[in-house]
Amino acid sequence: MLGGKSGQAIQKAMEILVALGEMYGAACMLPVTSVQIAGVSYDNLGEAGLAWLDAMAVGGGKVRTLTTLNPAGMDITNWQTLGISPDFAVSQMRVIDAFARMGVLTTCTCTPYLTGNLPHFGEHIAWAESSAVCYANSVIGARTNREGGPSALVAALTGRTPAYGYHLDKQRQPGVTIEVSARLQTTDEFGALGKAIGLKLNGVNAKPVCYICGIPHADLEQLKTFCASIATYVGAAMFHMEGITPEASTHKPPEWTIPITQADLEASHQLMNDAMPDAVDFVSLGCPHLSIREIAHLAELLNGHRVKKEFWITTARPTKCMADQMGYTAIIEASGAKFAVDTCCVVAPIKGRFKVLLTDSAKACYYASSKNRFKTVLRPFDDVIAEALR
Ligand code: F3S
């Protein structure tokens, strides 16, 4: 590949991987079984990013492994309803088209593990979306670094990634025990836990892998939201959760222990509320993208009601197809809530359109505030819906 026998794009891709491997002292390349590429929104890529993708496609680049995309800047079929400009739509579709020409499955989601891009324990993969990376390493036990958009693409084109970081046992060792005595039930509370850990580790330069104790049970939805939060507020690519994640039992809790009390959890939750519910003009659920179970519950709560605010439901297109089949979509859309499939409230170009976001997601609060300058109100999933109907 490096010698150019597989074409120009593959040669370029391998040059990038070799440079990366040399920089991190990798001993070899590893075959990857799955890739997830981030940096898909035209809002983030711009013309320079698009030109690079185009050059790789024109140079004959074709993916060698199962590859999906992170959310794009718009719903690919329903962008007009969401107020996206035609100019943006044209540019976004050029991005999607470049990926499609390289054989990438243009399913745009941050929960690839819910829609068929599901590696198994111990597999080496190259994923880029931070919440999905954390889920893959921690909950599934697959092995990936936090790839950037370009490094994930070149891994897909070559089917290889350099052996360093979270591909190696050494990097997966826990360095701190997080002793949780707070009670956690709802997804917003699992999000607040990620931020509470971030606050406690503030000032620690090389963030250690957390070994989390004291959580008796966590379901898929709670884990996906916690992964998004700890990735955002700690920069974590993985954690262990005693009794829950698959590699936890292979480690001992580290001596350095940090407690998270009920008061810590409540203080962190409070920090993500800087507006009153009355001021909310935008509601969004689905960060990370909603599971079909969450959509079923949403349909149950919205059935026969009308929402009073702009309300986006973000999910993956295959999940939305299941919702269509089950009749959930019809119920949800009859309420006035809108599906924003293939995208999310962070990567869509909505800066300036709204002032206050209501959500159950700690990660959405962070980016709504830092990227879009919205104020935020964080509530449990059911309360978000109740508030949207008020
Ligand atoms: Fe997914 Fe967008 Fe949240 S990519 S994790 S819904 S910020």
Side-chain angles (χ1 to χ4, degrees), residues 36 38 40-44 68-84 88-89 92 96 106-115 129-132 135 187-188 191 220-221 224-225 227-229 231-232 280-299 301-302 307 309-324 328-329 332-333 335-351 353-354 357-368 371-372 374 376-379 381 384-385 388:
Q36 193 254 3
V40 179
S41 173
Y42 180 76
D43 205 27
N44 301 331
T68 55
L69 296 174
N70 212 33
M74 63 180 202
D75 185 314
I76 288 168
T77 62
N78 193 29
W79 51 270
Q80 291 101 328
T81 318
L82 302 172
I84 302 294
F88 183 87
Q92 183 63 70
I96 300 292
T106 52
T107 298
C108 303
T109 183
C110 50
T111 56
Y113 46 89
L114 295 181
T115 61
E129 152 57 30
S130 64
S131 69
Y135 193 95
T187 45
D188 59 312
L220 183 151
E221 288 77 11
K224 90 174 153 66
T225 202
C227 286
S229 179
T232 301
V280 167
D281 57 354
F282 182 42
V283 183
S284 185
L285 287 171
C287 174
H289 276 172
L290 291 187
S291 67
I292 190 63
R293 201 158 58 160
E294 289 173 309
I295 293 177
H297 185 55
L298 181 59
L301 295 179
L302 287 178
V307 299
K309 298 172 174 92
E310 180 79 3
F311 189 165
W312 287 16
I313 294 138
T314 60
T315 192
R317 189 157 297 281
T319 309
K320 161 81 165 28
C321 287
M322 284 194 269
D324 295 349
Y328 303 147
T329 303
I332 290 167
E333 290 183 337
S335 78
K338 297 171 184 170
F339 273 94
V341 181
D342 320 304
T343 187
C344 79
C345 67
V346 169
V347 295
I350 53 172
K351 191 170 184 177
R353 270 179 65 188
F354 307 105
L357 169 73
L358 169 63
T359 180
D360 73 329
S361 164
K363 176 175 178 177
C365 287
Y366 178 87
Y367 285 102
K371 180 175 181 243
N372 289 329
F374 299 161
T376 58
V377 178
L378 181 70
R379 290 288 184 275
F381 190 94
V384 168
I385 297 159

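This chain uses plain numbering: 1 for the first residue, then up along the sequence. Since the structure is predicted, the reported quantities are computational estimates derived from the model, not experimental observations.
- Side-chain N or O atoms of T68 include none that pairs as donor or acceptor with a backbone N or O of P112 at under 3.5 Å.
- Scanning all heavy atoms of the two residues, the minimum distance from A364 to C287 falls at N-SG, 3.7 Å.
- T314 places a side-chain N or O within donor-acceptor distance of the main-chain N or O of G286, the cut-off being under 3.5 Å.
- Atoms NZ and SG, from K363 and C365 in turn, are 12.5 Å apart once rounded to the nearest 0.5 Å.
- More than 12 heavy atoms of other residues, nucleotides or ligands sit less than 6.0 Å from atom OH of Y113.
- Of the possible donor and acceptor atoms, none in the side chain of E129 sits under 3.5 Å from a partner among the backbone N and O of N70.
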Before you tell me yes or no, could you show the steps for W79 and D342 under side-chain contact (heavy atoms from CB on, under 4.5 Å), namely the whole-Å CA-CA distance, both residues' side-chain angles and the distance that decides it to 0.1 Å? CA-CA 10 Å; W79 51 270; D342 320 304; over 6 Å; no
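- The pair R317-D75 meets the salt-bridge criterion, with a side-chain N (NZ, NE, NH1 or NH2) lying under 4.0 Å from an Asp/Glu carboxylate O.
- When every heavy atom of K320 is checked against every heavy atom of T329, the shortest pair comes out as CE-CG2, 3.7 Å.
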Start with the C-alpha distance between L285 and F381, add both sets of side-chain angles, then the distance that settles side-chain contact (heavy atoms from CB on, under 4.5 Å), and finish with yes or no. CA-CA 8 Å; L285 287 171; F381 190 94; 3.9 Å; yes
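- For the pair Y328 and L298, the minimum side-chain heavy-atom distance is 4.5 Å or more.
- Under the 3.5 Å distance criterion, the side-chain polar atoms of H297 are left unmatched by any main-chain donor or acceptor of I292.
- Within the 3.5 Å criterion, the main-chain N or O of K338 finds no donor-acceptor partner in the side chain of E310.
- In this structure, Q36 CD and T111 OG1 are separated by 9.0 Å, a value rounded to the nearest 0.5 Å.
- For the residue pair P349 and G73, the shortest heavy atom distance occurs at CD-O, 3.2 Å.
- By the 4.5 Å heavy-atom criterion applied to side chains, I295 and F339 are counted as neighbours.
- When all heavy atoms of T319 and S291 are compared, the pair lying nearest together is CG2-C, 4.0 Å.
- Note that the CG atom of L357 and the CG atom of N372 stand 9.0 Å from one another [nearest 0.5 Å].
- Scanning all heavy atoms of the two residues, the minimum distance from A72 to C108 falls at N-CB, 3.9 Å.
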Go through T109 and T107 one step at a time and tell me if the side chain to side chain donor-acceptor pair (under 3.5 Å) criterion holds. CA-CA 6 Å; T109 183; T107 298; over 6 Å; no
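- Under the 4.5 Å side-chain criterion, counting only non-hydrogen atoms from C-beta, H289 is not in contact with K224.
- With respect to K371 and D43, a salt bridge is recorded, a charged nitrogen being found less than 4.0 Å from a carboxylate O.
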One pair to check against side-chain contact (heavy atoms from CB on, under 4.5 Å): L114 and Y135. What are the steps and the verdict? CA-CA 11 Å; L114 295 181; Y135 193 95; 5.7 Å; no
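- When all heavy atoms of L302 and I385 are compared, the pair lying nearest together is CD2-CG2, 3.7 Å.
- T359 and S361 share no donor-acceptor pair across their side chains, judged by distance under 3.5 Å alone.
- With no hydrogens or angles considered, no side-chain donor-acceptor pair links T187 and E221 at under 3.5 Å.
- Separating the CD1 atom in I96 from the OG1 atom in T106 is a distance of 6.0 Å, to the nearest 0.5 Å.
- Side-chain contact between F374 and I350 is present, with at least one heavy-atom pair separated by less than 4.5 Å.
- Rounded to the nearest 0.5 Å, atoms CD1 (I313) and CD1 (I332) are 5.0 Å apart.
- Taken from CG in L358 to NZ in K309, the straight-line distance is 7.5 Å, to the nearest 0.5 Å.
- The aromatic rings of F354 and F282 lie parallel to each other, their planes meeting at an angle below 30°, with 60° marking the opposite boundary.
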